[in-house]
Amino acid sequence: MKEIQIYNSYSGKKEIFKPIHEGRVGMYVCGPTVYSDVHLGNCRTFVGFDIIYRYLQHLGYKVRYVRNITDVGHLEGDADTGREDKISKKARLEQLEPMEIVQQYMNGFHEMMKIFNVLPPNIEPRATGHIIEQIEMVQAIIDNGLAYEQNGSVYFDTLKFAEKYGVYGKLSGRKIEDLLTETRDNLKNQDEKRHPSDFAIWIKAAPEHLMRWQAPWSVGFPGWHLECSAMSTKYLGEKFDIHGGGGDLKFPHHENEIAQNYGVCGHAPCNYWMHGNMLLLEGKKMSKSDGNSIMPGELFTGQSKHLTKAYSPMVVRFFMLQTHYRSTLDMTDDALQAAEKGYRRLMEGQKVLQELSHPGNGKAGDLDKEINSLIDLAFNDMSDDFNTPKALASLFELVTKINSLKGGQLSLGDVTAETLERLKQTFNDFIFDIFGLLTEDFASSGDGVVDGLMNLILEMRQTARTNKDWGTSDKIRDVLKELDIVVKDSKEGATWSKA
RNA sequence: GGUCGGUUGGCCGAGUGGCUAGGCAGAGGUCUGCAAAACCUCGUACAGCGGUUCGACUCCGCUACCGACCUCCA
């Protein structure tokens with residue numbers, strides 16, 4: 001199997017990927033909290049890990065991909081004062097059952113993932129379905145002396161953890177000494193925690209709190225960080241390969257997750273931590289709570305002050321591929337327009353390629369070699385920490401070759417049949433399997449009537465052209481153009497597409 | 001304030017101690033009845049100031065600006 005390198009956020013270095021069990025990968029990615037509609041920033045993370053999932057599978061790994069749904073335990077605002085779970089709050093505001101809220105937004109999330117052609121995970125566990133496991137985990141942490149109970153709530157003892165293992169803060173680059181000195185600044189918070197950095201793993205429910213379960217300490221609900229520890233352990237084991245999520249989850253979420261796993265079994269949950277970078281809008285992180293966000297729906301309709309036109313889901317997906325997952329991506333209308341053109345060029349190249357047929361007796365010269373090395377390069381780039389923009393660059397260079405082969409600037413006689421076949425296979429693999437792009441048929445409305453009419457019109461225009469009746473020919477082209485239909489003439493005849 | 005990251009041509013975005021990223025836009029050309037498409041050629045970009053080096057956009061330091069995290073966040 002091809003060797004790949006992964007940037008490990010925990011070590012801060014690229015490392016050669018070695019799965020725990022040969023040929024298999026266990027991957028856990030933090031999913032959304034379903035208390036409102038997903039925005040585009042959320043989508044970027046899941047598209048990013050979708051590509052990783054797809055590429056690992058393409059390489060032949062058997063991947064168990066677990067992505068959770070957070071449907072309880074995610075506290076609003078300051079956990080010390082607010083004490084209200086996001087779902088619960090939304091339910092109260094909207095006078096709905098919490099599960100109704102969860103269902104509504106979970107459905108919306110799934111729909112959006114489908115629109116972006118994000119593959120569903122193998123397991124999509126929900127926090128509320130794993131309360132027992134979480135309670136057991138709390139108990140285990142208490143038994144190991146790393147958590148304490150206070151008035152029915154249970155807190156993780158970060159100081160003890162830091163003393164015992166010395167790793168608290170490593171993922172997010174925090175220093176334990178800083179945590180210690182924090183104490184005096186926080187005396188004002190007359191809360192139940194022994195130390196400000198301690199965090200709740202079980203929370204006693206206030207009387208008005210809707211989501212609640214019976215536990216040894218109180219009737220309450222689990223802390224946010226706990227679910228991921230419990231569910232990843234349940235489905236992937238105490239130690240698995242890759243844990244991913246958005247970069248904004250590093251602290252406190254992932255840091256605390258690591259602490260919890262140590263608290264239960266004395267070691268970290270996974271070997272590789274991967275974090276996707278943020279999607280920016282107007283140079284600032286896209287964030288719902290700051291009001292700086294675009295919803296996918298706004299993008300698809302173009303109904304946003306940030307946009308001049310609508311963009312299709314695949315254009316957006318392509319747009320995301322043009323940037324490495326670890327870089328921030330600034331979304332602008334200009335950039336989307338460029339992506340749209342690029343996406344179409346790539347897909348058109350793919351179409352042209354698949355229509356090429358080899359005349360036989362091709363020779364393996366420089367062109368042949370060049371094509372093969374561009375293909376190799378594309379795979380090597382993907383294997384180097386999933387460098388999609390670089391792989392894409394190679395594909396675009398190949399698109400130029402493909403167009404030249406079609407246009408006659410290059411000859412298929414200089415390419416072997418095997419190479420052409422390999423090229424076709426590579427494009428299919430990359431575009432559909434790895435990048436997960438879908439064809440948006442610009443040359444068809446999906447409506448047989450329109451296609452039929454268009455064929456008729458183009459035939460009539462061809463007749464006019466044959467008779468050198470340029471007036472008629474150009475009129476047809478001009479009128480179609482006003483209808484946003486572009487006619488392209490070539491040696492084989494005219495084709496059309498929507499602008 | 002603390003920690004970390006970034007600053008690449010008109011725009012978006014890779015990457016490298018000396019060798020073309022790529023996409024979009026722009027200029028010229030080929031093809032074409034014209035146009036579109038396609039193909040070819042082109043701009044010679046790496047925040048600023050120092051340093052290391054035969055050589056730095058790439059390494060080091062300082063400065064400026066931007067961002068992320070330190071609260072809930074993908």
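Below, read A as the first sequence line, B as the second, and so on, with proteins coming before strands; counting in each chain starts at 1. Not measured: the values here are computed from a predicted model.
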On RNA chain B, does the nearest nucleotide to A339(A) precede the nearest nucleotide to S289(A) from the 5' side, or the other way round? Give the residue. A339(A)

Sort out the partner of [N] for me: Watson-Crick or G-U wobble, both distances under 3.5 Å, none otherwise.
N       : result
rC57(B) : none
rC69(B) : rG2(B)
rA14(B) : none
rU7(B)  : rA64(B)
rC19(B) : none

Heavy atoms only, 4.0 Å cut-off, all strands: where does [X] land among base, sugar-phosphate and nothing?
X       : answer
D489(A) : base
G407(A) : nothing
A335(A) : sugar-phosphate
G283(A) : sugar-phosphate

Check: Y7(A) main-chain N/O paired with D385(A) side-chain donor or acceptor under 3.5 Å: yes

Hey, does the side chain of [X] come within less than 4.0 Å of [N]'s phosphate (OP1/OP2), counting only N and O?
X       : N       : answer
S327(A) : rA14(B) : yes
K285(A) : rG67(B) : no
K488(A) : rA38(B) : no
R345(A) : rA38(B) : yes
N42(A)  : rA74(B) : yes
N387(A) : rG15(B) : yes

Charged N to carboxylate O below 4.0 Å: is that the case for E340(A) and K309(A)? yes

Any residue of residues 65-72 of chain A with a heavy atom less than 4.0 Å from an atom of RNA chain B: none

Check for me whether the distance between the ring centres of F300(A) and F116(A) falls short of 6.0 Å. yes

Taking the C1' atom of each, how far is rA27(B) from rC65(B), in whole Å? 33 Å

With the six-membered base ring of rG33(B) as reference, does the ring of W470(A) sit under 5.5 Å away with planes under 30° apart? yes

